[in-house]
Amino acid sequence: MIREFVTGVRLLLRGFSVWRTRPGLMALGLVPAVIALVLLIAAILPLVLGMGSITAWATPFADGWVEPWRSLFRTAVGFVIVAAAVFLASAVFTALTLTIGDPFYQRIWHAVEVDLGDPPPTDGGSFWTTIGEGLRLVVLGVLIAIVVLIAGLLPLVGGFVGPVLGVVLSGRLLARELTGRAFDARDLTPADRAALFAGSRARVLGFGVATQLCFLVPGGAVAVMPAAVAGSTMLSRSMQERSRSMQERSRSMQERSRSMQERSRSMQERSRSMHNHDVAAPSAPPPPPPAGPR
């Protein structure tokens, strides 16, 4: 499992290698990321600046507490709210970036598919499909933010559990969203995709967590987005190859099992045949008594 997780992280790093072969194309992928980041900063900055008023409104029961407990409690609540907002912003950023930069990221995806060989015949989902997937991503991001907010309010462990849970859930969500174009191009059904994700859980999680952690670094979301698109294309290809390998291994084991069963039946039939032959063969007459002296 750890090896598969590390493999997912390496796939993101391999996405950065596309900068060496196609720097102009990757640079174009920065433009929609910058636009989306500016829009999100404009939305989040008022939340951060007004956090004192928000936490005071959300915790009126703490007005009568003595210091420093009131300030510490409201600071913790503010931290949890900001953390939930950040994870929601991550999902919104991905949805906005993929929607705004759909033509650019489609070219990056196609270039990586060509470099890997055997590209799909179609170009993936349409623009409206991208918008629909973006809306779904935002809705799931809201749910993740609510989960992080609730987990963050747990006594003692909330400050640790909330962010970790947010990174894991958001990372998995990012990985599923970024691989969508490659799977759309191959006309994979939801059941097929579920089977692929089930067979590569640790690998998908490693890629998604690494991407999410990069998004949390200031400016990291802009710098990582083109590489994440390229790496997710490699991830989707590796998931399909792993699935085929596991299917071939399963067929090989089934054939070996059938061969062993046939060999066992053959040995049982030979044993029964030898037993029947021994039963049917006449017993040899006893030897004559030795002749006595005359």
Point to revise | With sequence neighbours excluded, residues passing side chain to side chain donor-acceptor pair (under 3.5 Å) with Thr189 | key: Asp192
**Study point:** Minimum heavy-atom distance Ile100-Pro32, with the two atoms named
**Key:** CG2-CB, 3.9 Å
Check your understanding: Heavy-atom distance under 4.5 Å between the side chains of Thr21 and Val18, does that happen here?
Key -> yes
Exercise for review: To the nearest 0.5 Å, tell me how far Leu196 CG sits from Leu188 CG.
Suggested key: 6.0 Å
Check your understanding: By side-chain contact (heavy atoms from CB on, under 4.5 Å), which residues pair with Leu88, not counting sequence neighbours?
Key -> Val92, Val142, Ala145
Review point. If only atom types and distance count, is the side chain of Ser200 paired as donor or acceptor with the main-chain N or O of Phe197 below 3.5 Å?
Key: no
Revision key, fill the gap. Smallest heavy-atom separation, Ala36 atom then Leu96 atom, equals CB-CB, 3.9 Å
Show the atom names and distances, to 0.1 Å, of all donor-acceptor pairs under 3.5 Å that link a side chain in residues 71-84 to residues at least two apart or in another chain.
unit_1: Ser71; atom_1: OG; unit_2: Glu67; atom_2: OE1; d: 2.6
unit_1: Ser71; atom_1: OG; unit_2: Glu67; atom_2: OE2; d: 3.2
unit_1: Arg74; atom_1: NE; unit_2: Thr59; atom_2: OG1; d: 2.9
unit_1: Arg74; atom_1: NH2; unit_2: Thr59; atom_2: O; d: 2.9
unit_1: Arg74; atom_1: NH2; unit_2: Asp63; atom_2: OD1; d: 2.4
unit_1: Thr75; atom_1: OG1; unit_2: Ser71; atom_2: O; d: 2.7

Review point. Excluding sequence neighbours, so at least two apart, what forms side-chain contact (heavy atoms from CB on, under 4.5 Å) with Gln261?
Key: Ser257, Arg265
Only pairs under 3.5 Å count here: list side-chain donor-acceptor contacts from residues 4-15, not counting sequence neighbours, and write none if there are none.
unit_1: Glu4; atom_1: OE1; unit_2: Arg203; atom_2: NE; d: 2.9
unit_1: Glu4; atom_1: OE1; unit_2: Arg203; atom_2: NH2; d: 3.0
unit_1: Glu4; atom_1: OE2; unit_2: Arg203; atom_2: NH2; d: 2.9
unit_1: Glu4; atom_1: OE2; unit_2: Arg242; atom_2: NH1; d: 3.4
unit_1: Thr7; atom_1: OG1; unit_2: Arg3; atom_2: O; d: 2.8

Review point. Is Leu49 atom CG crowded by more than 12 heavy atoms from other residues, nucleotides or ligands, each under 6.0 Å away?
Key: yes
Check your understanding: Are side-chain heavy atoms of Met225 and Leu178 found at a separation under 4.5 Å?
Key -> yes
Exercise for review: Just grab all the side-chain hydrogen bond (donor to acceptor under 3.5 Å, both in side chains) pairs involving residues 218-237, residues at least two apart or on different chains.
Suggested key: Glu113-Arg237
**Study point:** Residue pair Ala95 / Thr99: nearest heavy atoms and the distance that separates them
**Key:** O-OG1, 2.7 Å
Review point. If you link I, L, V, M, F, W and Y whenever their side-chain heavy atoms are under 4.5 Å apart, who else ends up in the same group as Met1?
Key: none
Check your understanding: Are Val168 and Leu143 joined in one hydrophobic group, where the rule is that I, L, V, M, F, W and Y side chains link up if heavy atoms are under 4.5 Å apart?
Key -> yes
Point to revise | More than 12 heavy atoms from other groups under 6.0 Å of CZ on Arg186 | key: yes
Review point. Does Phe16 share a hydrophobic cluster with Met26, counting links as ILVMFWY side-chain heavy atoms below 4.5 Å and allowing steps through other members?
Key: yes
Check your understanding: For the side chain of Ser170 and the backbone of Val167, is there at least one donor-acceptor N/O pair under 3.5 Å apart?
Key -> no
Study note, to complete from the structure: Using a 4.5 Å side-chain heavy-atom cut-off and chaining through intermediate ILVMFWY residues, the residues clustered with Val139 come out as none
Check your understanding: Do the side chains of Pro103 and Gln106 get nearer than 4.5 Å, heavy atoms only?
Key -> no
Review point. How far does CD of Glu241 sit from CG of Leu116, to the nearest 0.5 angstrom?
Key: 8.0 Å
Exercise for review: Report whether Phe104 and Val224 are members of the same hydrophobic cluster (ILVMFWY, side-chain heavy atoms less than 4.5 Å apart, transitive linking).
Suggested key: no
Study note, to complete from the structure: Heavy-atom nearest pair, Pro120 first then Trp109, reads CG-CZ2, 3.7 Å
Practice item. Output, in order, the C-alpha distance, side-chain angles, deciding distance and verdict of side-chain contact (heavy atoms from CB on, under 4.5 Å) for Val114 and His110. Key: CA-CA 6 Å; Val114 171; His110 188 264; 3.5 Å; yes
Review point. How would you list, by chain and number, every residue that makes a side-chain contact (heavy atoms from CB on, under 4.5 Å) with Leu169, sequence neighbours excluded?
Key: Ile144, Val147, Leu165
Review point. In Å, rounded to the nearest 0.5 Å, how long is the span from CG of Leu216 to OG1 of Thr211?
Key: 11.0 Å
Revision key, fill the gap. Sorted by chain and number, sequence neighbours left out, side-chain contact (heavy atoms from CB on, under 4.5 Å) with Leu25 holds for Arg22, Arg107, Ile108, Ala111
Point to revise | Pairing residues for Arg193 by the side chain to side chain donor-acceptor pair (under 3.5 Å) criterion, not counting sequence neighbours | key: Asp184
Review point. Has Arg181 got its NZ or CZ under 6.0 Å from the middle of the six-membered ring of Tyr105, at an angle within 45 degrees of the ring axis?
Key: no
**Study point:** Atom of Ala223, atom of Leu30 and distance for their closest heavy-atom approach
**Key:** CA-CD2, 4.1 Å
Check your understanding: Can you tell me how far the CZ atom of Phe207 sits from the OG atom of Ser238, to the nearest 0.5 Å?
Key -> 9.5 Å
**Study point:** Interatomic distance, Leu174 atom CG to Leu98 atom CG [nearest 0.5 angstrom]
**Key:** 9.0 Å
Review point. Can you name the residues that form a ring-ring contact (aromatic ring centres under 6.0 Å, His included) with Phe215, not counting sequence neighbours?
Key: Phe93
